[in-house]
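These notes concern the structure reproduced below.
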Amino acid sequence: MIADPVSHSTEELFREDAHLTECAARVVAVDERGVRLDRTVFYPQGGGQAGDAGELVCADGTRIAIADTRKGEAPGEILHVPAPGQAEALAGLRPGDAVGARIDWERRHRHMRFHTATHLLCALVPHPVNGCSITAGYARLDFHMNEPLEKEALTAGIARFVGAAHPVRHRWISEAELDANPGLVRSMSVQPPRGLGRVRVLEIDGVDLQPCGGTHVANTREIGAVVVTKIEKKAALTRRVVLGFAERSPLR
Ligand SMILES: [Zn+2]
């Protein structure tokens, strides 16, 4: 009898619907690195975007707090990293167990709002990106350029796109299509994943189109009030733009 090949890949529900906050799943494996599930709504750290936090809820109601989500060593492997102090709950978890996987939505929605806002910045600053970090508290984007940038002008530019309520959607294109349009790759530091035959692109209708595997809002209006909090000259050819959420909506 031939055993089924072991698949490490987790079904990535967040790639098709970034607004899914929970799903039912089965445990594939539990070890010191984390919990692997057959499917998940948890986004693993990548492409500059922080990994999700949240909880796994077992059939008996036991809750396992998840502090972070990372990619594993095998392609497509996603590790739900438990918060400290979860050893007892984890000990009761077995492969095949049914669990509910629920993300910290408030935190993730901030990642989504910031991530889409960084793509708006790409549309405003026509230079290659050589670094990116998206967290719940701030987002920063490094541009390969030496011209000065102006804080107020960029904040106003983002607000204009947010106010214009552009639809945001993803689609998949073939690697051949990507190769035929090298201008689609805006980021010098993050190349789209290769070898899967297809690449996910994120389109902000009429504003920006680029390969991206991250989670995004459905419409630029959903970003809300985002401001440029800082512009730094990090190196001779690097300008860093830092984004934050406005404490209070300017419309109020
Ligand atoms: Zn992106």
Side-chain angles (χ1 to χ4, degrees), residues 7-21 23 25 28-29 33-54 56 66-83 101-105 107-122 128-143 168-173 175 178 184-204 208-217 240-243:
S7 169
H8 293 284
S9 67
T10 309
E11 193 187 342
E12 304 178 335
L13 301 174
F14 52 86
R15 299 258 193 237
E16 293 305 323
D17 185 356
H19 289 78
L20 268 184
T21 59
C23 71
V28 172
R33 299 174 305 152
V35 180
R36 284 198 281 125
L37 302 174
D38 61 344
R39 60 211 294 266
T40 192
V41 290
F42 282 68
Y43 179 85
Q45 182 189 70
Q49 184 180 325
D52 281 327
L56 304 182
I66 300 299
D68 195 4
T69 311
R70 296 294 176 101
K71 288 177 183 161
E73 281 152 34
E77 191 180 56
I78 294 177
L79 299 169
H80 302 77
V81 183
R102 184 185 299 148
I103 55 169
D104 176 342
W105 171 248
R107 179 173 183 271
R108 152 71 90 69
H109 195 230
R110 291 167 77 90
H111 297 168
M112 288 161 60
R113 291 162 65 200
F114 271 145
H115 199 148
T116 308
T118 63
H119 285 220
L120 295 180
L121 257 187
C122 286
V129 172
N130 60 15
C132 172
S133 179
I134 294 153
T135 73
Y138 68 89
R140 60 176 167 74
L141 211 48
D142 293 340
F143 291 98
V168 180
R169 62 180 83 85
H170 73 273
R171 63 174 191 264
W172 297 87
I173 65 170
E175 289 184 357
L178 180 68
L184 282 179
V185 182
R186 285 296 316 270
S187 175
M188 296 162 71
S189 63
V190 184
Q191 287 292 322
R194 290 302 192 120
L196 303 168
R198 60 178 197 163
V199 173
R200 189 180 188 267
V201 293
L202 198 282
E203 180 169 32
I204 303 175
D208 184 65
L209 174 71
Q210 59 177 298
C212 180
T215 58
H216 288 266
V217 297
R240 172 169 292 178
V241 180
V242 184
L243 299 176

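Cys132 places a side-chain heavy atom less than 4.5 Å from the side chain of Ile134. Side chains of Val41 and Thr21 form no contact here, defined as non-hydrogen atoms less than 4.5 Å apart. The side-chain heavy atoms of Ile66 and Leu56, taken from C-beta on, include a pair separated by under 4.5 Å.
In plain terms, the two heavy atoms of Ala67 and Ala53 that are nearest each other are O-CB, 3.6 Å. Minimum interatomic distance between Gly214 and Arg200 (heavy atoms only, all atoms of both residues): O-NH1, 3.0 Å. Closest approach of Gln210 to Asp208, counting heavy atoms only: NE2-OD2, 2.9 Å. Closest non-hydrogen pair, Glu77 versus Glu73, comes out as OE1-N, 2.9 Å.
With Thr10 as the partner, the side-chain contact (heavy atoms from CB on, under 4.5 Å) test is satisfied by one option alone out of Asp38, Thr40, Leu79: Thr40.
By the side-chain hydrogen bond (donor to acceptor under 3.5 Å, both in side chains) test, Thr118 pairs with no residue at all, sequence neighbours left out. Residues forming a salt bridge (charged side-chain N to carboxylate O under 4.0 Å, His left out) with Arg113 (at least two apart in sequence, or on another chain): none. Looking at residues two or more places apart in sequence or on another chain, you find a side-chain contact (heavy atoms from CB on, under 4.5 Å) between Ala136 and Arg107, Arg110, His111. The side-chain hydrogen bond (donor to acceptor under 3.5 Å, both in side chains) check on Glu12 picks up Arg15, with sequence neighbours excluded. Looking at residues two or more places apart in sequence or on another chain, you find no side-chain hydrogen bond (donor to acceptor under 3.5 Å, both in side chains) involving Arg198. In this structure, the side-chain hydrogen bond (donor to acceptor under 3.5 Å, both in side chains) partners of Glu16, at least two apart in sequence or on a different chain, are His170, Trp172.
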What's the verdict on side-chain contact (heavy atoms from CB on, under 4.5 Å) for Phe143 and Val129, showing C-alpha distance, side-chain angles and the deciding distance? CA-CA 5 Å; Phe143 291 98; Val129 172; 3.8 Å; yes
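Side-chain atoms of His115 never come within 3.5 Å of backbone atoms of His216 as a donor-acceptor pair (strictly under, hydrogens ignored). At least one donor-acceptor pair closer than 3.5 Å links the side chain of Arg108 to the backbone N or O of Ala18. Side-chain N or O atoms of Asp52 include one that pairs as donor or acceptor with a backbone N or O of Tyr43 at under 3.5 Å.
Once rounded to the nearest 0.5 Å, the distance linking CG of Leu141 with CZ of Phe114 reads 12.0 Å. To the nearest 0.5 Å, atom CZ of residue Arg70 and atom CD of residue Gln45 are 4.0 Å apart. In this structure, the separation between CZ on Arg171 and CG on Leu202 is 10.5 Å, given to the nearest 0.5 Å. Between the CG atom of Leu209 and the CD1 atom of Ile173 there is a distance of 7.0 Å, given to the nearest 0.5 Å. Rounded to the nearest 0.5 Å, atoms CG (Leu37) and CD1 (Ile78) are 9.0 Å apart. Going from atom CG of Asp68 over to atom NE2 of His80 covers 11.0 Å, rounded to the nearest 0.5 Å.
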